[in-house]
Amino acid sequence: QVTLIESGGGVVQAGGSLRLSCAASGRTVSDYALGWFRQAPGKEREFVGATSRSGTITRYSDSVRGRFTISRENAKNTVYLQMNSLKPEDTAVYYCGASRSPIFTVQNFGSWGQGTQVTVSS
């Protein structure tokens, strides 16, 4: 089992940037794919992006591709989500998850952190 703690959320104006961090502890973090997901009020949790165990493979949802970048530092047991050109529709609670599966879907991730709120004002 791996424990995840997200940080870095906040309030930003549209067009601004934020960087989220997810610190992992417990089992060997490099054994897990790590992903970012978000959940807006009244909506289901959705996939944002994820990176493979080695960090050589990353995938993004269509809604964030080209604006968000995931990176991971296994030596620091940390994965980051750099968010640029933020839009009001990016407002949500952002969660970090871990998976042993190479298939990046919400159902294959777990060990959810507590989440961090991102609010983008127009």
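For reference, positions follow the sequence shown, starting with 1.
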Answer whether the closest heavy-atom distance between the side chains of [X] and [Y] falls below 4.5 Å.
{"X": "Ser17", "Y": "Met83", "result": "no"}
{"X": "Gln114", "Y": "Leu4", "result": "no"}
{"X": "Val93", "Y": "Thr116", "result": "no"}
{"X": "Phe37", "Y": "Cys96", "result": "no"}

Atom pair [atom1] ([X]) and [atom2] ([Y]), whose distance is rounded to the nearest 0.5 Å:
{"X": "Trp36", "Y": "Phe47", "atom1": "CH2", "atom2": "CZ", "result": "13.0 Å"}
{"X": "Ser85", "Y": "Arg67", "atom1": "OG", "atom2": "CZ", "result": "7.0 Å"}
{"X": "Ser25", "Y": "Ile5", "atom1": "OG", "atom2": "CD1", "result": "6.0 Å"}
{"X": "Leu34", "Y": "Asn77", "atom1": "CG", "atom2": "CG", "result": "9.0 Å"}
{"X": "Arg72", "Y": "Ser54", "atom1": "CZ", "atom2": "OG", "result": "7.5 Å"}
{"X": "Thr69", "Y": "Asn84", "atom1": "OG1", "atom2": "CG", "result": "6.5 Å"}

Shortest non-hydrogen contact from [X] to [Y]?
{"X": "Val2", "Y": "Ala24", "answer": "CG2-CB, 3.9 Å"}
{"X": "Phe109", "Y": "Ala50", "answer": "CZ-CB, 4.0 Å"}
{"X": "Ala33", "Y": "Phe104", "answer": "CB-CE2, 3.8 Å"}

* Asked: Within 45° of the six-membered ring axis of Tyr95 and under 6.0 Å from that ring's centre, is NZ or CZ of Arg38 located there?
  -> no

* Distance under 6.0 Å and angle within 45° of ring axis: Arg19 vs Tyr80 ->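 Yes; both conditions hold, so Arg19 lies above the ring face of Tyr80.
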
For the backbone of [Y] and the side chain of [X], can you confirm whether one donor and one acceptor N or O come within less than 3.5 Å of each other?
{"X": "Gln39", "Y": "Lys43", "result": "yes"}
{"X": "Asn108", "Y": "Ile103", "result": "yes"}
{"X": "Arg100", "Y": "Tyr32", "result": "no"}
{"X": "Ser63", "Y": "Ser61", "result": "no"}
{"X": "Glu6", "Y": "Leu20", "result": "no"}
{"X": "Tyr60", "Y": "Ile70", "result": "yes"}
{"X": "Asn74", "Y": "Arg53", "result": "yes"}
{"X": "Thr91", "Y": "Val120", "result": "yes"}

* Any idea how Tyr94 and Phe68 line up, ring-wise: parallel (<30°), tilted (30 to 60°), or perpendicular (>60°)? ->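 Answer is tilted, since the angle falls between 30° and 60°.
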
* When hydrophobic residues are tied together by side-chain contacts of less than 4.5 Å, even through go-betweens, does Val48 share a cluster with Val12? ->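 Linked within one cluster.
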
* Going by distance alone, is a donor N or O of one side chain under 3.5 Å from an acceptor N or O of the other, for Ser99 and Ser101? -> no

* Asked: Hey, mind stepping through Gln82 and Ser71 against side-chain hydrogen bond (donor to acceptor under 3.5 Å, both in side chains) and telling me if it holds?
  -> CA-CA 8 Å; Gln82 177 66 45; Ser71 59; over 6 Å; no

* Charged N-O contact under 4.0 Å between Asp90 and Lys87 -> no

